[in-house]
Amino acid sequence: MKKLFLIAIAAAGMMTAQAQQALEATNFGSNWSIGVDGGVTTPMHNGSAFFGDMRGVFGAHIQKQISPAFALGVEGVAMVNTTGARTAIDQSYVGAYGAVNLFNLFGGYKCDGRFFDMELVGGAGWGHDYVAGAGDHNYFATKAGVNFNFNVCKNLTLSLKPSFSWDMSDAHAAQSSASYNKDFCTFNVLAGVTYHFGQGFKCVDTKNQGEIDALNAKINDLRGQLDACAAANAAAEAKAAGLASELAACQNRKPEVIKEVSNNLSSVRYVFYKIGSSKITADQQPNVEMVAAYLKNHKNAKVVIKGYASKDGNLEFNKKLAAARAESVKSMLVKKYGIAESRIQAEGEGIGEMFSEESWNRVSICTLED
């Protein structure tokens, strides 16, 4: 019997942590209870009458609920004297005990409580017999029992408590050794009323701190990504605004392109050039010769030479190149064909867009005027 209770108490201790995982942490001042007990006791030794030797017993207890499955307490009981001896109380017991709630241990703690539950109780303490005439008898005592609890409300419990108590001393024993001997055992049945202080254990949602930390890390990572996206979006908007500004400036800028609008096939001759060059090639010299012949045949005629460049290269270079092409025609008219400089007007016009064929815009346009 003793081993059975020790095993039960050890099992309750091991499961205490598991039971508390779903409960709010408590302190030393919480989950206390106090109660009073009253009932009957009868000796179990040979020769005694179970009901005939039965007598009254009363007491009180204080208990601390360590976990939903395990409690510790202290109690004191006194047996009523029915033998006519010198005292009204002929036997008393004061001891400590442990209680294992079987329903909470194996069924788990119910947050809304149970109306009925059972506890295994095991304890030890000091027993005292008031002996008439001779000296009183003091001894080490143990007890074991079961509590049948009816929880009528959250703070009040009514209990039926059958138990056995043993005198563990070697008094009256054939051998000097304590033992669980029925001749030194009493059977007790008490009814108890217990008041519980406070609200008891409070259920809380269980949590996994590892999962919470992982979720917090993920949230922080997503926040970082969101901030990065916001920064990238702001940069993209700034770039778009810059490009829009550049586009508007380009659209509003006046093109530096001059188109020849007074072309007349009978009075205009073209001298074309290779890319990046102002040299008049042999195949283009006949066009210059035609201008020279016209000027020689018409003594009052003049020529206006306008040089152009295509879009290849940068603008400043093309402006100089256009002017050089106009000067190359003028130089040939003067040096090779003897035309007076006063009859020739040569000027560069920059980039030309007269022709859809880009290479044709590398040209000097000679317009003859009478």
Side-chain angles (χ1 to χ4, degrees), residues 15-27 30 67-68 108-112 198-263 270-279 305-328 347-365:
M15 297 191 66
T16 295
Q18 181 178 358
Q20 289 180 333
Q21 288 178 354
L23 304 176
E24 188 178 66
T26 59
N27 53 45
S30 61
S67 76
Y109 180 73
K110 294 188 67 174
C111 297
D112 53 356
Q199 298 300 314
F201 292 99
K202 182 179 179 181
C203 290
V204 295
D205 293 333
T206 58
K207 63 181 181 179
N208 186 315
Q209 190 60 44
E211 291 181 0
I212 293 175
D213 293 342
L215 288 174
N216 285 333
K218 188 173 183 179
I219 290 171
N220 291 333
D221 181 61
L222 291 174
R223 285 175 177 169
Q225 293 181 28
L226 181 61
D227 292 341
C229 289
N233 184 60
E237 289 180 350
K239 185 176 181 180
L243 292 174
S245 177
E246 292 180 12
L247 177 61
C250 290
Q251 290 175 336
N252 296 327
R253 186 171 61 194
K254 185 178 180 180
E256 297 188 49
V257 175
I258 301 175
K259 293 186 178 181
E260 182 64 44
V261 296
S262 60
N263 291 347
Y270 303 94
V271 179
F272 295 99
Y273 300 86
K274 293 183 178 180
I275 185 170
S277 174
S278 61
K279 180 180 179 181
I305 306 170
K306 295 182 178 182
Y308 297 90
S310 64
K311 295 179 181 179
D312 305 285
N314 62 66
L315 180 61
E316 293 302 319
F317 174 79
N318 285 332
K319 286 181 178 180
K320 295 179 181 179
L321 182 61
R325 285 171 175 169
E327 286 297 325
S328 68
E347 55 191 25
E349 296 293 337
I351 297 174
E353 288 187 345
M354 294 77 64
F355 305 103
S356 60
E357 184 64 34
E358 189 63 32
S359 63
W360 291 9
N361 292 311
R362 305 173 194 135
V363 64
S364 286
I365 300 177

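All values below were derived from every heavy atom in this structure, side-chain atoms included, with hydrogens, water molecules and symmetry-related copies excluded.
For the side-chain hydrogen bond (donor to acceptor under 3.5 Å, both in side chains) criterion with Tyr273, the lone passing option out of Ser359, Ser328, Ser278 is Ser328. Among Ser30, Pro68, Cys111, the one residue that satisfies the side-chain contact (heavy atoms from CB on, under 4.5 Å) test with Phe201 is Pro68.
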- Message: Run Tyr308 and Asn361 through side chain to side chain contact (heavy atoms under 4.5 Å, CB included) and show every step you take.
- Response: CA-CA 6 Å; Tyr308 297 90; Asn361 292 311; 5.6 Å; no
Check your understanding: Does the side chain to side chain contact (heavy atoms under 4.5 Å, CB included) test come out yes or no for Ile365 and Tyr270, once each step is laid out?
Key -> CA-CA 5 Å; Ile365 300 177; Tyr270 303 94; 3.7 Å; yes
TODO: In sequence, state the C-alpha distance, the side-chain angles, and the governing distance for Lys311 and Glu353, and then conclude on side chain to side chain contact (heavy atoms under 4.5 Å, CB included).
DONE: CA-CA 9 Å; Lys311 295 179 181 179; Glu353 288 187 345; 2.7 Å; yes
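Taking 4.5 Å as the limit, some side-chain heavy atom of Leu315 sits within range of a side-chain heavy atom of Ile351.
With sequence neighbours left out, the side-chain contact (heavy atoms from CB on, under 4.5 Å) criterion links Gln225 to Asp221, Leu222. Not counting sequence neighbours, Asp227 has no partner by the side-chain hydrogen bond (donor to acceptor under 3.5 Å, both in side chains) test. The side-chain contact (heavy atoms from CB on, under 4.5 Å) test applied to Phe317 returns Asn314, Leu321, not counting sequence neighbours. Under the rule for a side-chain contact (heavy atoms from CB on, under 4.5 Å), the partners of Lys110 that lie at least two apart in sequence or sit in another chain are Asp112, Arg114. Taking Arg362 as the reference, Asp312 meet the salt bridge (Lys or Arg N to Asp or Glu O under 4.0 Å) condition, with sequence neighbours excluded. Taking Glu358 as the reference, nothing meets the side-chain hydrogen bond (donor to acceptor under 3.5 Å, both in side chains) condition, with sequence neighbours excluded.
Legend: side-chain hydrogen bond (donor to acceptor under 3.5 Å, both in side chains) pairs involving residues 210-219, not counting sequence neighbours, sorted by first then second residue: Gln209-Asp213. Counting only residues at least two apart or in different chains, side-chain hydrogen bond (donor to acceptor under 3.5 Å, both in side chains) contacts with residues 236-245 comprise Asn233-Glu237.
Nearest heavy atoms, Ser364 versus Gly307: OG-CA, 3.9 Å. For Ala309 against Ala322, the heavy-atom pair with the smallest separation is N-CB, 4.0 Å.
Under the 3.5 Å distance criterion, the side-chain polar atoms of Arg325 are left unmatched by any main-chain donor or acceptor of Phe272.
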